[in-house]
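Numbering of ligands and ligand atoms starts at 1, following listing order. The shown structure was predicted, so the numbers you read here are calculated from the model rather than taken from an experiment. We count residues from 1, following the sequence as given.
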Amino acid sequence: MNDKQLVALHAAKYVKDGMLVGLGTGSTANFFIEELARLQQDQGLKFTTIASSTISAQKAQSLQLPIVAIEHVSSIDLYIDGADEITPDNTLLKGRGSDLVKEKLLAKAANQFIAVADASKLVSYIGQNFTIPIEVIPFAWQMAKKNLEAVGGIGDLRPNAAKDGFWITSHGSYVLDMRFDASINASTLNALINNTPGVVEHGIFHQLTSLVLIAQDGVVSER
Ligand code: 5RP
């Protein structure tokens with residue numbers, strides 16, 4: 001079993017009968033979804049799920065997990081999701097794909113948000129290994145980019161896979177992939193991007209986790 005699977009199985013121990021459980025997106029979250037299906041089948045665990053993406057919803061449905069749509073829900077019991085980066089203060093960078101809007105809604109709506117990752121995701125500062133994905137309303141991208149550049153951001157619109165247009169997220173936004181000076185801390189950066197007109201959402205998840213589970217060489221630690 002690899003570390004991603006191990007940490008996902010550990011997270012599944014937090015699921016209790018009757019819970020409404022948010023499903024993250026990505027390979028670690030997929031292991032969690034598979035474990036939920038096993039617990040439902042083998043142990044009769046009863047829960048309802050809510051997905052952060054179409055791909056996770058499809059996976060949950062294919063495994064016969066009960067699922068509700070996000071528009072019918074204002075709070076959830078538990079959200080389990082992976083991350084691209086995790087800093088020492090448990091700030092996350094997420095959203096390499098197209099689904100960070102629902103991911104952040106679920107992270108905020110959850111009574112308990114548990115981030116799960118292998119140790120490759122640990123970093124000293126946000127933006128160390130990846131650019132920060134910033135979803136913008138398409139017509140606002142130039143103004144948003146200029147305002148982000150004014151606070152030191154460097155980057156551009158993400159191209160689509162064919163490189164003949166721009167990437168469009170699940171919710172119809174463009175994505176600016178931006179780097180910022182490493183000396184700007186996550187809290188300041190979070191506020192700067194939040195305060196930029198035209199920004200729909202971005203990948204910094206600051207002060208949202210209840211717990212972070214890290215698996216390294218077959219051992220899971222909680223922090
Ligand atoms: C998707 C995410 C994922 O959780 C993140 O990319 C980690 O993915 P993986 O578990 O495949 O390493 O934020 O928006």
Side-chain angles (χ1 to χ4, degrees), residues 1-12 14 21-37 49-60 70 76 78-87 90-110 112-123 126-136 158 160-161 167-178 186 189-190 193 199-218 220-221 223:
M1 181 182 305
N2 67 35
D3 280 342
K4 284 187 176 188
Q5 187 173 11
L6 181 71
V7 77
L9 264 56
H10 192 99
Y14 287 82
V21 182
L23 308 175
T25 300
S27 56
T28 319
N30 279 343
F31 284 126
F32 173 71
I33 297 170
E34 285 163 15
E35 177 64 1
L36 283 189
T49 65
I50 178 164
S52 59
S53 62
T54 309
I55 190 84
S56 292
Q58 277 177 338
K59 185 164 181 75
I70 196 165
I76 66 173
L78 176 66
Y79 180 49
I80 307 282
D81 200 358
D84 299 315
E85 295 184 346
I86 304 174
T87 65
N90 285 345
T91 299
L92 313 178
L93 185 69
K94 289 184 49 54
R96 230 172 354 104
S98 300
D99 297 300
L100 65 86
V101 170
K102 280 188 185 165
E103 289 178 347
K104 199 176 277 188
L105 281 168
L106 291 178
K108 183 76 180 173
Q112 206 178 13
F113 169 31
I114 303 179
V116 287
D118 64 28
S120 70
K121 306 299 179 62
L122 298 175
V123 295
I126 282 296
Q128 186 174 316
N129 294 336
F130 291 98
T131 51
I132 295 163
I134 303 170
E135 285 203 25
V136 292
R158 184 182 298 181
N160 67 8
W167 183 274
I168 310 269
T169 71
S170 309
H171 311 293
S173 311
Y174 285 166
V175 179
L176 288 166
D177 284 314
M178 306 285 288
L189 199 50
N190 183 45
I193 303 173
V199 169
V200 177
E201 196 48 90
H202 60 86
I204 300 173
F205 284 46
H206 183 59
Q207 292 182 333
L208 287 176
T209 56
S210 320
L211 188 67
V212 172
L213 301 178
I214 304 290
Q216 183 162 27
D217 301 330
V220 177
S221 56
R223 50 184 245 183

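Considering Asp84, Asp99, Asp81 in turn, Asp81 is the only one that fulfils the side-chain hydrogen bond (donor to acceptor under 3.5 Å, both in side chains) rule with Lys94.
By the side-chain hydrogen bond (donor to acceptor under 3.5 Å, both in side chains) test, Gln112 pairs with no residue at all, sequence neighbours left out. For Asp3, there are no salt bridge (charged side-chain N to carboxylate O under 4.0 Å, His left out) partners two or more places apart in sequence or in a different chain. With sequence neighbours left out, the side-chain contact (heavy atoms from CB on, under 4.5 Å) criterion links Thr131 to Asp177, Arg179.
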Which is it for Asn190 and Thr91 under the side-chain contact (heavy atoms from CB on, under 4.5 Å) test, yes or no, and what are the steps along the way?
CA-CA 10 Å; Asn190 183 45; Thr91 299; over 6 Å; no

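Protein residues with a heavy atom under 4.0 Å from ligand 1 are Lys4, Thr25, Gly26, Ser27, Thr28, Asp81, Gly82, Ala83, Asp84, Lys94, Gly95, Arg96, Glu103, Lys121.
Listed for the Ser52 side chain is a donor-acceptor partner under 3.5 Å among the backbone atoms of Leu23.
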